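Because only heavy atoms are used, hydrogens play no part in the values below, and waters and symmetry mates are left out as well, while side chains stay in. Whatever order the structure lists them in is the order used to number ligands and atoms, beginning at 1. Since this is a predicted model, take the numbers as computed values, not measurements. Count residues from 1 along the sequence.
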Amino acid sequence: MLQIEKLTKRYPTGDLALNAVDLEIPKGQVIALIGPSGAGKSTLIRCLNRLVEPTSGKVTLKGQDITALGARGLRAARRKMGMIFQEYALVERLTVMENVLSGRLGYVGFWRSLFRKYPQSDVDEAFRLLDRVGLLAMADKRADELSGGQRQRVGIARALIQNPDLLLVDEPTASLDPKTSRQIMRLICELCEERELAAIINIHDVALAKMFVQRVIGLKLGELQFDGKPDELTADVLTTIYGEEDWEATIEKVDDEDLDEAVV
Ligand SMILES: Nc1ncnc2c1ncn2[C@@H]1O[C@H](COP(=O)(O)OP(=O)(O)OP(=O)(O)O)[C@@H](O)[C@H]1O
Ligand SMILES: [Mg+2]
């Protein structure tokens with residue numbers, strides 16, 4: 001579904017952020033991307049939709065060479081890649097509903113969107129998604145009135161209304177408390193399963209990643225260090241990726257079952 005071949009990014013400053021990364025992700029697979037600060041995680045995610053222009057290498061999504069696209073083709077391809085950010089990137093003075101609908105901007109023409117004339121089918125879908133992420137009652141609230149967890153749910157609904165093939169998620173839980181973090185990770189992973197959606201989730205919390213995904217990719221200094229199942233992330237592997245530390249607490253199996261399922 002997604003092929004990444006020899007993807008390399010050297011910033012104008014000279015920093016080699018990605019060094020010939022090869023990666024293949026099948027349809028419906030959710031992967032966690034881990035690695036120390038500066039490893040190139042955000043750069044990798046941003047090179048996929050060319051928010052950051054790769055220096056060399058190739059990205060293919062559903063057979064389409066993303067790296068070869070011109071401006072118009074790239075706009076169309078970006079609709080198929082939903083993004084979820086740590087900082088939510090909501091429009092503060094707009095309502096929850098309007099923020100979700102803004103995910104349709106790539107589809108609805110500029111003038112229609114300016115006058116907020118979204119097709120009824122988009123509005124219906126936005127309601128369905130808000131219901132699914134547990135925010136139906138808040139559709140008319142302004143974004144700046146929401147908690148961090150609620151804001152991230154809006155970000156998730158906004159990414160999904162694009163009807164993407166791939167979700168690119170950059171530290172979705174970095175500003176959230178531990179319980180809300182789990183709820184958000186669970187929600188993202190459940191939605192990917194329901195929609196057979198592939199996702200790359202860039203995440204610092206290794207224990208949290210292990211709880212929810214089937215495949216973990218470890219990046220260090222722009223190179224792939226690990227690609228395997230959560231169980232294979234041993235203390236040795238973590239030391240290779242992050243350096244020497246006591247990893248026992250991180251690799252311990254955490255059971256998610258006794259957690260409160262309530263949606264906050
Ligand atoms: N716009 C930029 N210009 C120059 N260098 C950059 C730029 N963005 C990132 N870098 C460099 O590229 C490398 C990878 O950065 P990147 O932000 O991708 O890492 P990261 O793994 O996402 O880190 P973090 O976990 O802190 O978010 C770093 O050395 C960083 O300094
Ligand atoms: Mg980053």
Side-chain angles (χ1 to χ4, degrees), residues 2-23 25 30-59 61 66-67 74 78 81-90 148 151-152 155-156 158-159 166-178 180-182 184-185 188-189 198-213 215-228 230 233 237-245 247 249-251:
L2 176 75
Q3 278 100 20
I4 301 172
E5 295 164 71
K6 303 258 165 298
L7 193 65
T8 299
K9 173 65 187 179
R10 188 181 286 281
Y11 284 104
T13 46
D15 289 282
L16 186 62
L18 290 179
N19 191 7
V21 171
D22 289 314
L23 190 61
I25 302 176
V30 177
I31 68 162
L33 185 58
I34 64 167
S37 190
K41 304 181 296 296
S42 298
T43 302
L44 176 58
I45 277 186
R46 283 157 193 264
C47 278
L48 298 183
N49 61 7
R50 287 174 54 196
L51 279 180
V52 167
E53 202 59 61
T55 308
S56 60
K58 190 170 166 187
V59 175
L61 180 67
I66 303 294
T67 27
L74 183 57
R78 276 188 182 151
M81 296 185 260
M83 264 205 129
I84 299 172
F85 305 90
Q86 172 191 342
E87 61 285 3
Y88 324 114
L90 304 183
R151 292 162 71 83
Q152 195 53 289
I156 293 167
R158 181 185 52 190
L166 174 70
L167 269 188
L168 302 172
V169 192
D170 201 349
E171 290 183 40
T173 62
S175 334
L176 304 177
D177 68 62
T180 310
S181 294
R182 286 190 191 193
I184 291 294
M185 271 299 278
I188 292 173
C189 294
I200 302 180
I201 307 178
N202 169 351
I203 187 163
H204 273 130
D205 187 333
V206 177
L208 185 62
K210 288 177 58 168
M211 238 181 264
F212 292 102
V213 305
R215 184 179 173 196
V216 178
I217 305 287
L219 209 59
K220 181 188 183 182
L221 293 171
E223 295 185 7
L224 230 73
Q225 293 283 337
F226 174 80
D227 179 355
L233 264 183
V237 172
L238 287 170
T239 298
T240 318
I241 301 173
Y242 291 97
E244 204 67 54
E245 226 359 290
W247 296 112
T250 308
I251 59 177

Would you please write out the protein residues whose heavy atoms approach any atom of ligand 1 to under 4.0 angstrom, listed by chain and number? Tyr11, Thr13, Asp15, Ala17, Pro36, Ser37, Gly38, Ala39, Gly40, Lys41, Ser42, Thr43, Glu171, His204
Pair Arg215 + Asp227, salt bridge at N-O below 4.0 Å: yes
For Ala159 and Leu167, which heavy atoms make the closest approach, and how far apart are they? CB-CD2, 3.9 Å
For residues Thr55 and Tyr11, is any side-chain donor paired with an opposing acceptor at under 3.5 Å? no
So which heavy atom on Cys47 is nearest to which on Val59, and how close? O-CG2, 4.4 Å
Within 2.8 Å of the Mg ion (ligand 2), is there any N, O or S atom belonging to Asn202? no
Is the number of heavy atoms from other residues, nucleotides or ligands within 6.0 Å of CG (Leu51) greater than 12? yes
Which heavy-atom pair separates Ile203 from Ile34 by the least distance, and what is that distance? O-CG2, 3.6 Å
